[in-house]
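These numbers come from the heavy atoms of this one structure, side chains and all, not from hydrogens, waters or symmetry mates.
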Amino acid sequence: MALAAQTGSTPHGDSTRPPATGRRGMVASGSQHATIAGLQALQAGGNAVDAAVAVAAGLNVAEPFMSGMGGVGIGLVYMASEGKTRTINFSGHAPNDIDPSGMTRDDIEYGPLSMLVPGNIAGWLTMHDKYGTLPRSQVFAYAIDLAENGVPMTPLIATTVADSIDKIAELTEDGATLALEYSAVEAGALLRQQQLAESMNRVVEGGIAEFYEGSLGDEICAGQKAFNGVINREEIAAYRPYWEEPISTTYRDYEIRVPKPNSSAFQMLETLNILEGYDLEPGTALTEHLLVEAVLKAADDRVLYSGDPKHVDIPLDRLISKDYAEEIRSGISSDKFSGFPPERWNRSAVEASLPGVWNPQSAAQSPMTTHFATADQWGNVVTITQTLGGGFGSCLAPKGTGVFINNMGKWFDLNQGSPNDLKGGRAVDFVIAPSQIYAAEDASFIASIGTPGSYGILHTTIQMIHQFLDCGKNIQEAIEAPRFRYYDIGAIMFESRFDSDMLEQLSDIGYTYDLLPPFTNAVGGAHAIHRTSHGTYLGAADPRRDGFALGY
């Protein structure tokens, strides 16, 4: 049957909370403590970059399992005085001496062989060195105090610590003190990180050089070598992030800017180009069908081509062209589901849900990524997604440092002939995809939006952009609207707040699916900032995680 327009109520009902409002500045992040750290930087006269570094450091303490100095990430930095967006890529790379021959998926699940050379702290400080105005000591002060005196555990923190602590102990040297200090693992108990506080103090004093070339770098290298890690001292010392231009497409009256590969964000631009050819009536089964079809077509292209652009040929110009989008649209039926693309490169070995069953992984093995944004009174905006990979990343914090190193090597393919195969020195196909939205007419900034969620980032972000730009939702409503999640092995899942009649219509044209809880972090944990036509900011935080947006 053809899909009918759905009339009446919107699929998600009323927003549960209004957006945060601000005139001079706005911060939205996955922790109230990190958001406060960023807001304090703005109130002290700092700019969006100062605030972003304060937030990143705060998240290292308040969400130590999701991101931190030993993680990797990518950011978009819009400086109003320059009138342009720049990407800063601090996604690290595989160790030069890694030998994937004979390695199994278990070898890179966690532990020393799962690590990429860390990039986060280099990214934070490179931004700060170029654009920051406050001293490092002031920017890091809140996070250091929080690490020394303790952050109260939320249920998410407590669950993740409980799920991870055995692996952390396994990867702590004999006689060494654990990086995490607590009297109980339960909501409300204080989590202290004295070693991390000291490492942050050393970075405040010595900057990038201390972490990569100095004594802290020595300890990072020695700590992973103690467990047969293969990151060598020279590549730690040599690592630096890099600036580059973003890529973009127009979508109706807007321009969407995202990082170029090794970020997988080009999938989002391809998806938007496909969707632009349709009149997407809000809340209808037809619209949801077209969203799914566009997502699946673009996702298959991402899997076919994406990897380290220094080593693989990605036909980027073609993939994000309007002509190619028209070609894709010609193969999409409005009244029949085309089905899932084939599994390629065994990517479901990295992250998958069983078909027909919703089995959430333990917190320790679930993807642990965080997204945040800052904006200031001068119109500058920073949009960052960063990660440790899984809960506490590799679960290895080199002795005495309190710095957990990522396990993002897990996201390589192993010996499949894939463009994302694990090889020494390569950057991973990085699903991190922060985005910024501008008016196509005059390139004025409109919104910053992004989310964690591993491969789901690339289509849950699209759904929020659709809700914001096509459906006229405010930025908080756009984040709270129900979302679907697709897995590479052919499983699609809808939050249960979707209209049941709409889902029945999807069933009639060939969909099989499962329902998720009404609000679940399986579909991400987004944060966003909207600069309104009145020159004020609206901030949004996802109720699916512990996020907070605050403005002043």
Side-chain angles (χ1 to χ4, degrees), residues 60 63-73 91-95 97-100 102-120 156-174 176 178-180 185 193 195-196 220-231 346-353 359-370 386-399 401-415 420 422 424 428-432 452-455:
N60 193 161
E63 294 181 342
F65 45 88
M66 286 200 201
S67 69
M69 293 197 290
V72 290
S91 61
H93 60 77
D97 297 331
I98 196 81
D99 180 7
M103 287 178 62
T104 67
R105 179 57 57 184
D106 288 344
D107 292 328
I108 54 175
E109 186 70 26
Y110 74 100
L113 296 182
S114 69
M115 299 175 178
L116 304 184
V117 174
N120 272 354
L156 177 60
I157 295 174
T159 298
T160 312
V161 171
D163 284 348
S164 308
I165 197 62
D166 288 345
K167 290 183 173 64
I168 293 171
E170 170 192 333
L171 293 166
T172 297
E173 292 186 48
D174 291 343
L178 287 177
L180 306 177
V185 183
Q193 298 164 80
Q195 297 173 26
L196 177 62
I220 295 289
C221 186
Q224 53 93 38
K225 290 280 189 184
F227 290 92
N228 299 314
V230 296
I231 299 177
N346 196 24
R347 293 215 172 177
S348 61
V350 178
E351 184 215 30
S353 175
N359 285 330
Q361 300 164 302
S362 70
Q365 293 309 310
S366 296
M368 289 291 177
T369 301
T370 196
Q386 57 185 31
T387 187
L388 283 178
F392 290 97
S394 66
C395 292
L396 195 162
K399 181 180 178 180
T401 66
V403 177
F404 285 95
I405 310 301
N406 67 86
N407 71 333
M408 280 301 291
K410 170 183 176 179
W411 296 84
F412 280 107
D413 299 327
L414 276 178
N415 305 314
N420 188 43
L422 174 61
V428 73
D429 170 28
F430 203 29
V431 295
I432 299 305
S454 60
Y455 291 126

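- With contacts defined as side-chain heavy-atom distances shorter than 4.5 Å, the pair F392/K167 does not qualify.
- Contact record, P100 with L422: CG-O, 3.3 Å, taken as the closest heavy-atom pair.
- Residues passing the side-chain hydrogen bond (donor to acceptor under 3.5 Å, both in side chains) test with Q224: none are found, sequence neighbours excluded.
- The heavy-atom pair separating P95 from V230 by the smallest distance is CB-CG2, 3.7 Å.
- The side-chain heavy atoms of L116 and H93, taken from C-beta on, include no pair separated by under 4.5 Å.
- Here the SG atom belonging to C395 is positioned 7.5 Å from the CZ atom belonging to F404, to the nearest 0.5 angstrom.
- Separation of atoms CG (N407) and CG (L113) is listed at 12.0 Å; rounding is to 0.5 Å.
- Atom CD of E170 is separated from atom CZ of F227 by 8.5 Å, given to the nearest 0.5 angstrom.
- For the atom pair Q386 CD and M66 CE, the distance stands at 11.5 Å (nearest 0.5 Å).
- A donor-acceptor pair under 3.5 Å is formed between the side chain of T387 and the backbone N or O of M368.
- Scanning all heavy atoms of the two residues, the minimum distance from V428 to M408 falls at CG2-O, 4.1 Å.
- Atom CD1 in I432 sits 4.5 Å away from atom OG1 in T369 (nearest 0.5 Å).
- Checking side-chain atoms of N420 against main-chain N and O of W411 turns up a donor-acceptor pair under 3.5 Å.
- A search for side-chain contact (heavy atoms from CB on, under 4.5 Å) contacts involving T172 returns I168, A176, L178, not counting sequence neighbours.
- The backbone N or O of G70 lies less than 3.5 Å from a partner atom in the side chain of N406, making a donor-acceptor pair.
- Shown here are the side-chain contact (heavy atoms from CB on, under 4.5 Å) partners of P398, two or more places apart in sequence or in another chain: I220, L396, T401, I405.
- A distance-only check finds a donor-acceptor pair linking the side chain of N120 to the backbone of G73 [under 3.5 Å].
- Shortest non-hydrogen contact noted between A397 and A179 is CB-CB, 4.1 Å.
- No donor-acceptor pair closer than 3.5 Å links the side chain of T159 to the backbone N or O of L156.
- In this structure, D163 contributes its side chain and T160 its backbone to no donor-acceptor pair below 3.5 Å.
- Contact detail for S114 and G111: the closest heavy-atom pair is OG-O, 2.6 Å.
- In this structure, N60 contributes its side chain and M69 its backbone to a donor-acceptor pair below 3.5 Å.
- Results of the side-chain contact (heavy atoms from CB on, under 4.5 Å) test with L414 over I108, T104, D107 single out I108 as the only residue that passes.
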